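Worksheet for the structure shown next.
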Amino acid sequence: MCKGDGAGAPAAARRTNPGRADPVPLIAVTAALPAQGAAAAALAWTVRRFTGLRASRLSAGAALVGGLVLARAPWPAENYAGGSVFLGVAGCFAVACLAWPDPGPDPGPDPAPRPAVSRRTSRAPGTSTSS
């Protein structure tokens, strides 16, 4: 192991190519549901490649949509949404989005502008503060 090869560094620090996929989420989605997982991985690659959307927010959005679909469906019914193709693709998409890392840290919301503060006082030049 050479000094500076990235061993022992956090995974985010070792990633030097933000366009390169992490294979673990891709293996997980294709192992869980092969056809839907492959479709979700291709869709995730397309969305991440051609948009500026962050992976964490895409994943959270896909998981939220899946949760809303499940919450809307009647559970004891025979047409329960838990076995639908859409829900499988949405879940695999949520995991597959995390395969392509973001280029940098999330900037978060813009901070509120601070009011301009003058460092000078309104006293006349040469006057003392201890009068």
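None of the values given here were measured: they were computed from a predicted structure. For the numbers below, each heavy atom of this structure counts, side chains included, while hydrogens, waters and symmetry mates do not.
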Under 3.5 Å, which donor-acceptor pairs link side chains of residues 81-99 to any protein atom two or more places apart or in another chain?
unit_1, atom_1, unit_2, atom_2, d
S84, OG, A81, O, 3.0
S84, OG, L87, N, 3.2

Can I get a per-line list of side-chain donor-acceptor pairs under 3.5 Å for residues 33-43, giving both atom names and the distance, sequence neighbours left out?
none

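Residues meeting the side chain to side chain contact (heavy atoms under 4.5 Å, CB included) test with T30, sequence neighbours left out: none. Taking T46 as the reference, F50 meet the side chain to side chain contact (heavy atoms under 4.5 Å, CB included) condition, with sequence neighbours excluded.
Residue L68 belongs to a hydrophobic cluster whose other members are L64, with links defined by side-chain heavy atoms closer than 4.5 Å.
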